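Heads up: numbering here begins at 1 and tracks the sequence. Nothing here was measured: the structure is a model prediction, and the numbers come from that model. Because only heavy atoms are used, hydrogens play no part in the values below, and waters and symmetry mates are left out as well, while side chains stay in.
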Amino acid sequence: MALALFTSACLPLVVAITTIGVDQELIDTDLAASLVGAARISVLVFPMVAARVRAGGRTAGAVAPADGARDSEAW
């Protein structure tokens, strides 16, 4: 599952396909911009989700809290 999420973010392919579609007047520039925007979001989100899936749901680099900080949110 993590491998699929890591490899599914392919922004250059979306940019190339939308550029061809706009050049051949098959899609509008508004639609092309929307598709590229969605691809940008997937490039940001999918690797983070994949890392969480690969880690088994635990946060990477997490350290057990000290006795006094168990119930507080420490950033």
Side-chain angles (χ1 to χ4, degrees):
M1 177 74 171
L3 180 61
L5 289 169
F6 275 125
T7 59
S8 64
C10 51
L11 181 60
L13 181 62
V14 174
V15 171
I17 291 171
T18 55
T19 301
I20 292 170
V22 169
D23 288 345
Q24 294 185 359
E25 298 179 358
L26 297 172
I27 61 173
D28 294 331
T29 55
D30 295 338
L31 177 60
S34 299
L35 292 172
V36 171
R40 288 180 63 194
I41 292 171
S42 72
V43 166
L44 294 173
V45 172
F46 284 177
M48 290 187 293
V49 172
R52 297 274 313 229
V53 168
R54 187 172 182 203
R58 56 183 193 274
T59 307
V63 178
D67 289 334
R70 289 196 193 276
D71 294 329
S72 67
E73 292 185 55
W75 297 93

Rounded distance (nearest 0.5 Å) linking atom CG of Leu35 with atom CD1 of Ile17 = 9.5 Å
ask   = Hey, quick one: are Val43 and Val36 part of the same hydrophobic cluster, counting side-chain heavy atoms closer than 4.5 Å, chains of contacts allowed?
value = yes
message = Under 4.5 Å between side-chain heavy atoms, counting indirect links through other Ile/Leu/Val/Met/Phe/Trp/Tyr residues: same cluster for Val53 and Ile41 or not?
response = yes
request  = Give, for atom CG of Asp23 and atom OG1 of Thr18, the distance between the pair rounded to the nearest 0.5 Å.
outcome  = 9.5 Å
inquiry  = Do Ile20 and Leu26 land in one hydrophobic cluster if side-chain heavy atoms of ILVMFWY residues count as linked below 4.5 Å?
reply    = no
Contact summary for Pro47 and Ser42, nearest pair of heavy atoms = CD-O, 3.7 Å
remark   = On a heavy-atom basis, the closest approach of Val15 and Thr19 is O-OG1, 2.7 Å
